[in-house]
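Please read the structure below before turning to the comments.
Order of the sequence lines sets the chain letters (A, B, ...), proteins ahead of strands, with each chain counted from 1. For the numbers below, each heavy atom of this structure counts, side chains included, while hydrogens, waters and symmetry mates do not. All of these numbers come straight from a predicted model, not from anything done at the bench.
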2 protein chains.
Amino acid sequence: MSVMEMSHRGKEFLSIIQKAESDLRHLLEIPPDYSVLFLQGGATTQFAALPLNLCNPEDPVDYVVTGSWGDKAFKEAQKYCNPRVVWSGKAEKYTKVPSFDGFEQTPHAKYLHICANETIHGVEFKDYPVPKNPNGVLIADMSSNFCSKPVDVSKFGVIYAGAQKNVGPSGVTIVIIRKDLIGNARDVTPVMLDYKIHDENSSLYNTPPCFGIYMCGLVFDDLLAQGGLKEVEKKNQRKAKILYDAIDESRGFFRCPVEKSVRSLMNVPFTLEKSELEAEFIKEAAKEKMVQLKGHRSVGGMRASIYNAMPLAGVEKLVAFMKEFQARHA
Amino acid sequence: MSVMEMSHRGKEFLSIIQKAESDLRHLLEIPPDYSVLFLQGGATTQFAALPLNLCNPEDPVDYVVTGSWGDKAFKEAQKYCNPRVVWSGKAEKYTKVPSFDGFEQTPHAKYLHICANETIHGVEFKDYPVPKNPNGVLIADMSSNFCSKPVDVSKFGVIYAGAQKNVGPSGVTIVIIRKDLIGNARDVTPVMLDYKIHDENSSLYNTPPCFGIYMCGLVFDDLLAQGGLKEVEKKNQRKAKILYDAIDESRGFFRCPVEKSVRSLMNVPFTLEKSELEAEFIKEAAKEKMVQLKGHRSVGGMRASIYNAMPLAGVEKLVAFMKEFQARHA
């Protein structure tokens, strides 16, 4: 019987979801006072679930906006509480992350929200700010760098991530939440957005995305077999380094707009000095079977997403192509 | 590249989701003034989305409760509007469907909600009530009989269904909604529950469950190849008939509690006159590789779910086993 045919309440699927959770706990060294939930609806659903579960309507909460996803999270929170953008990189086209004393937090803010890695802009937090409010918590959308490196979970109240970048097919959302934050959902919270319901039912309140969770479990198993997230991080650093080096050593032929200290290990955006060549670059790359290199429609240029599953050889091939392309067009 | 790796905005996946929608429209003869949405979160998410999109807080809406799922839908609606149970089969252990003049509708009710097939209790609507309010609409949760037979979509304002019974893996929810009902979501509606957002973005507002949608598309294609839903219904009727006949002709050894005229073609609950033999029945059936025959924990007994994917031979094997079991134990 395929996992797609199993009852989600049968012992076969229970062993799958329990092993997936256990392996993820092992990988991220998740403390026992945190729950792990396997949900649906993407990070976008969490943009509403967070304020609905953690805030009353008048509560202040803070958002650091380093790109499109942080901005979307902020806008959704406006429906449910009193969010404030405490720092925005918009004026600088989302190429930076603020220094931790570079913005002022709201006193009594229930939480401070960041997007740990902005998929579209290629901006990644390398360390994490601490909420000023001793009763506040840090919340991170880690959709696009989840399980790409070790993370000290204890620094966060909530970590959430769509699975589809590093750990599984789209349609699974993972929420890691400190248990004491569970149980305060507002009355108007849809049952499927109530963390308490999912926690009490071990993510089996209704039929979960069983096949996706099974796939995530296989990936967690593989990441452990690779030596865990420290080893995964080393591989990701090596992949990113050769690509950023190729850009930086191109004497301006290729350019990455992101400030060096916060460049993403996952998403590498770059442009061509001669922007009229960009379409040609993407077309020729596709002929060499390197696809999905076009930058997001909102920023243009190119973007190489080099998630966990991209092997070093794939990045090496891209770098070789970039050098060859430059030699022909410089 | 696997469908799990494609960009959901790339032309490859667009062709997949567009063909899936087109095939589903063909299968169900969905009129052009209806939108088809591929969403996440199961029918349970729709329990909240329906009142949030269709009602103001004071609006009356009617629920016919023929089983556990209808009851859950009603309870979720209590958060968002003024729902009333106009008929409940609870006192008779959810073994019936009301006659259409057997309950009184609320004047001005925005909608009348039914669960077209109650998965746990095996009770299925064979025809559909008409809302008394000329401006009201009929809404049906068809999760467990979706695409098992033809349906006149024009009778409904909204049809919704989790994919996992008949058309694909869990994690995909299909919503078929009359276009004039879209666009009135309340301000507090999470963006992921707002039909307008999904309709405007052709179900691609955020990353959809791409693999699941791909699988649904393969199933729609197969159902068309089988001759469409009229042919599928004939197969389902034949399967259900031999099973119900085996029960009814067992001289009481097996019993189905559901009123004959509304017995489900999909879920066949039955008990043993000698209830102490039920565990043995389930155990022996499992040895013959017939699994998941245990009734839902809330009702006990046995339940044979004979969805589209169950071949006639599977039901014949069960019936032969039932007769043999009876011969040994009668």
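Between the side chains of N145(A) and N166(A), no donor N or O sits under 3.5 Å from an acceptor N or O.
When A48(A), G171(A), S170(A) are compared by the number of non-hydrogen pairs under 4.5 Å with chain B, S170(A) comes out ahead. Residue with the most contacts toward chain A among Q292(B), K289(B), M6(B): Q292(B) (heavy-atom pairs, distance under 4.5 Å).
Taking the six-membered ring where tryptophan is involved, the planes of F270(A) and F281(A) are perpendicular, since the angle between them exceeds 60° and thus also 30°. Under the 30°/60° scheme for interplanar angles, the aromatic rings of F38(A) and F220(A) are found to be tilted. The aromatic rings of Y111(A) and Y63(A) sit perpendicular to each other, their planes meeting at more than 60°, with 30° as the lower class boundary.
By the salt bridge (Lys or Arg N to Asp or Glu O under 4.0 Å) test, K110(A) pairs with D59(A), sequence neighbours left out. Residues passing the side chain to side chain contact (heavy atoms under 4.5 Å, CB included) test with K294(B) are I282(B), sequence neighbours excluded.
Heavy-atom neighbours of chain B within the stretch residues 7-19 of chain A, taken at a separation under 4.5 angstrom, comprise S7(A), R9(A). Residues of residues 197-210 of chain B lying under 4.5 angstrom from chain A, judged on non-hydrogen atoms, are Y205(B), N206(B), T207(B), P208(B), P209(B), C210(B) in numerical order.
Proximity to chain A is limited to the side chain of L193(B), based on heavy atoms less than 4.5 angstrom apart. Heavy atoms closer than 4.5 Å to chain A are found in the side chain of V291(B), but not in its backbone. Residue contact with chain A, scored on non-hydrogen atoms closer than 4.5 Å, involves the side chain of K72(B) exclusively. With a 4.5 Å cut-off on non-hydrogen atoms, S2(A) does not touch chain B at all. There is no contact between S305(B) and chain A, counting heavy-atom distances below 4.5 Å.
Around the NZ atom of K317(A), the shell of radius 6.0 Å holds more than 12 heavy atoms that belong to other residues, nucleotides or ligands. When the shell of 6.0 Å around OH of Y307(A) is examined, it contains more than 12 heavy atoms from other residues, nucleotides or ligands.
With rounding to the nearest 0.5 Å, the separation of CD1 in I306(A) from OG in S264(A) is 7.5 Å.
The shortest distance between side-chain heavy atoms of N82(A) and V61(A) does not fall below 4.5 Å. Contact check for L52(A) versus D194(A): no side-chain heavy atoms found under the 4.5 Å cut-off.
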Worked check of ring-ring contact (aromatic ring centres under 6.0 Å, His included) between F146(A) and Y160(A): CA-CA 8 Å; F146(A) 190 64; Y160(A) 63 102; over 10 Å; no
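The shortest heavy-atom contact between N308(A) and C147(A) is ND2-O, 2.9 Å.
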